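Before any comments, here is the structure.
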Protein chains: 2
Amino acid sequence: MANVSVASVSRALNGHGGVTAETQQRIREVAARLRYVPHSAARSLITRRTHTIGALLPDLHGAFFSELIRGIDLAARARGLHLLVSSSHGDAEEAATALRAMQGRVDGFLVMTPHADEAFIEQNMPTPTPAVLINTHVPGHRHAVVDIDDRGGARAMVQHLVDHGRRRIVFIAGPEANNDVRERENGYREALEANGLGANQLIINGDFSEESGFRAAQAILGMNPRPDAIFAANDMMAIGCLSALAEAGVNVPGDIAVGGFDDIPMARYVSPPLSTVRVRIAELGETAMERLAQMIESGEDMVVPPRHVAGTELVVRASCGGSAPSRRRHAPPTGA
Amino acid sequence: MANVSVASVSRALNGHGGVTAETQQRIREVAARLRYVPHSAARSLITRRTHTIGALLPDLHGAFFSELIRGIDLAARARGLHLLVSSSHGDAEEAATALRAMQGRVDGFLVMTPHADEAFIEQNMPTPTPAVLINTHVPGHRHAVVDIDDRGGARAMVQHLVDHGRRRIVFIAGPEANNDVRERENGYREALEANGLGANQLIINGDFSEESGFRAAQAILGMNPRPDAIFAANDMMAIGCLSALAEAGVNVPGDIAVGGFDDIPMARYVSPPLSTVRVRIAELGETAMERLAQMIESGEDMVVPPRHVAGTELVVRASCGGSAPSRRRHAPPTGA
DNA sequence: AACCCCCATGAAAACGTTTACGTTCCGCGC
DNA sequence: GCGCGGAACGTAAACGTTTTCATGGGGGTT
């Protein structure tokens with residue numbers, strides 16, 4: 001102590017006023033000298049604020065989540081918030097457990113999980129805690145929602161293929177439970193229908209793995225008449241396709257054009273470079289975090305911001321045989 | 001309340017005994033019905049345990065950190081610990097701030113930052129808090145250290161190149177401040193000397209970016225006599241080399257062999273597939289986390305485990321012209 | 001039948017803050 | 001000169017747990 005009561009210390013360090021500039025100065029000096037740090041638990045106990053937000057993600061693996069976390073972290077630290085991460089490895093029960101474990105430890109949730117259907121939300125999300133649902137099409141109005149424009153991106157890709165003369169476009173789907181996939185498939189369908197090709201729907205199931213893309217391409221090569229384009233629901237499957245096609249001696253994009261989704265860093269490096277749909281993932285995370293911060297600050301009469309949809313961007317490279325590849329060899333991929 | 005005092009509730013929920021099985025049962029039922037969750041701040045206040053560990057990383061970008069966090073998360077959740085992440089974007093001051101901000105909020109630190117020299121540690125790490133330093137060559141004995149065997153990995157790669165007849169091997173270094181790079185360079189040197197090639201040291205500086213690898217390769221092409229192998233301190237630079245060499249019409253590995261370090265996912269997909277040194281990153285994170293948990297549990301008379309060095313693994317693919325590429329086309333890369 | 005010990009339970013202190021509420025002191029106006 | 005207002009600061013309550021200690025009751029032993 002520096003000849004002063006705990007109350008004054010609190011006031012001095014929090015800068016709430018009610019204390020002379022001089023004593024504030026003195027207290028701060030002493031605090032620094034003593035390497036005093038306020039006990040955050042005690043503070044949280046009385047303040048009911050933890051200055052921490054909890055992120056529940058389906059997995060922490062791969063470029064997607066890396067980018068997402070990065071965006072979230074960026075926005076969080078800009079606001080002086082801490083980030084508590086947790087992955088819910090596939091299992092819905094595990095996700096619920098993780099959510100419960102974070103309960104009370106955080107001021108708000110950032111939730112992205114395939115298990116987040118309405119019942120799950122209802123059951124496991126404490127009403128008073130603000131939450132932003134990422135990429136989760138739940139109609140509820142109690143939580144904010146931030147989505148990727150999967151449908152629009154898929155439409156753009158298919159439209160591009162159609163514009164360049166492709167007519168028999170196969171879509172390689174992903175795991176059925178996945179919302180993104182459903183939306184990408186919807187976009188595929190809409191684009192075909194918009195071009196009077198509704199009857200040409202060709203859908204093969206995959207599971208997001210390179211392997212499944214490889215197998216899908218083999219199946220496609222056996223189809224008659226042979227398709228002239230493949231649109232995979234993600235880049236890894238598209239890359240699997242490229243392998244299979246190369247192995248079979250099929251020319252890409254001459255014989256078959258290939259498009260993916262995500263624009264993972266690798267997409268630029270495969271041969272031929274993969275056309276794909278870029279999602280500004282870090283931006284998605286930032287937006288979600290910003291929304292959440294806003295909800296938290298709004299306090300009692302919480303305002304739930306309207307649904308936000310993160311745009312996508314068609315990245316044309318050699319694999320889809322469109323215009324000259326827009327890939328400049330040594331420009332770093334934007335946003336990556 | 002269920003006809004019982006707060007003390008009994010505490011005992012029932014924590015299972016410390018001192019309460020009838022019957023009442024414990026009853027209390028738990030009521031708690032579940034009321035969706036009661038203990039206030040973690042209050043608990044931390046008295047327990048002086050947060051059940052949270054703080055991870056300070058230099059960045060959250062890219063495959064490396066994605067893997068690292070994944071490993072950490074895995075080990076953390078296996079022990080029921082929460083994970084607070086923070087990136088210290090480059091700046092040492094920022095790292096210090098982040099560390100201070102986590103102070104008191106966590107039971108232990110996982111620190112990986114290029115700024116973690118001795119002074120930094122001394123200044124910013126609160127002595128009583130357990131900490132594990134990842135990939136940080138600080139001699140202090142107060143903290144545990146977990147490292148990558150950069151030197152051994154580099155030696156293995158260079159030895160492999162020498163074994164296959166290469167004699168003029170260029171090393172492309174990374175940012176000077178980086179510990180990994182220094183060690184990789186040491187390994188390079190040691191391997192050359194061990195083979196009586198100590199006089200053939202050829203080192204070019206890079207900065208870990210693809211671009212710098214590209215430029216380095218151009219420089220190398222101008223050297224006389226021309227080197228017959230390139231060993232880049234990381235995969236991205238190696239990939240930049242491949243681009244430059246392909247552009248110049250140089251045959252890889254015929255004219256020049258190329259090796260990288262990290263085994264990023266992309267390494268398998270470039271052309272030719274890149275030989276590299278794999279680091280089991282997730283394992284590194286897991287080990288670090290386990291050590292930390294061990295230190296935390298050991299309590300007052302904290303035992304600091306001895307330095308642990310995560311092994312590396314030479315991954316031979318086509319780019320180094322060794323034996324037939326060991327890459328099986330559709331086996332998923334192990335550990336990725 | 002009396003005593004003792006142990007176990008289940010309750011009461012209360014403690015953890016380290018924030019904040020509402022007093023208290024003191026100073027300066028100013030009447 | 002007296003009173004009054006306001007600013008600076010101290011006192012103490014409150015936050016929700018855990019844990020120590022006290023209390024009571026039941027069962028076993030002598």
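Please read these numbers as outputs of a predicted model, since none were measured by experiment.
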For a quick test of reading the model: is some side-chain N or O of [X] closer than 4.0 Å to OP1 or OP2 of [N]?
| X | N | result |
| --- | --- | --- |
| A:S8 | D:dG10 | yes |
| B:S40 | D:dT17 | no |
| A:T23 | D:dC9 | yes |
| B:T20 | C:dT9 | yes |

Choosing from [options], which nucleotide comes nearest the side chain of [X]?
| X | options | value |
| --- | --- | --- |
| A:V6 | D:dC15, C:dT18, C:dT9 | C:dT18 |
| B:I46 | D:dG16, C:dG10, C:dT18 | D:dG16 |
| B:R43 | C:dT18, D:dC9, D:dT18 | D:dT18 |

(request) Could you tell me whether B:R26 and B:E29 make a salt bridge, using a distance below 4.0 angstrom between a side-chain N and a carboxylate O? (result) no
(message) I'd like to know if A:R100 pairs up with A:E93 as an ion pair, taking the criterion as any Lys NZ or Arg NE/NH1/NH2 lying under 4.0 Å from an Asp or Glu carboxylate oxygen.
(response) yes
(message) When you measure only distances, ignoring hydrogens and angles, does the side chain of B:R48 come within 3.5 Å of the base of C:dG16 through a donor and an acceptor?
(response) no
Rounded to the Å, how far apart are [X] [atom1] and [N] [atom2]?
| X | N | atom1 | atom2 | result |
| --- | --- | --- | --- | --- |
| A:R11 | C:dT18 | CZ | P | 11 Å |
| A:I27 | D:dG10 | CD1 | C1' | 12 Å |
| A:R26 | D:dA8 | CZ | P | 14 Å |
| B:H39 | C:dG16 | NE2 | P | 17 Å |
| B:R49 | D:dT17 | CZ | P | 19 Å |
| A:E22 | D:dA8 | CD | P | 11 Å |

(request) Indicate, with a heavy-atom threshold strictly under 4.0 Å, whether A:S10 touches base, sugar-phosphate, or nothing. (result) base
(request) Work out how much the helix from C:dA1-D:dT30 to C:dC30-D:dG1 bends between its end axes, five pairs an end, to the nearest 10 degrees. (result) 60°
(request) To the nearest 0.5 angstrom, please state how far the CZ atom of A:F109 sits from the CD1 atom of A:I296. (result) 10.5 Å
(message) Any side-chain to backbone donor/acceptor pair from B:D147 onto B:N135? Under 3.5 Å, distance only.
(response) yes
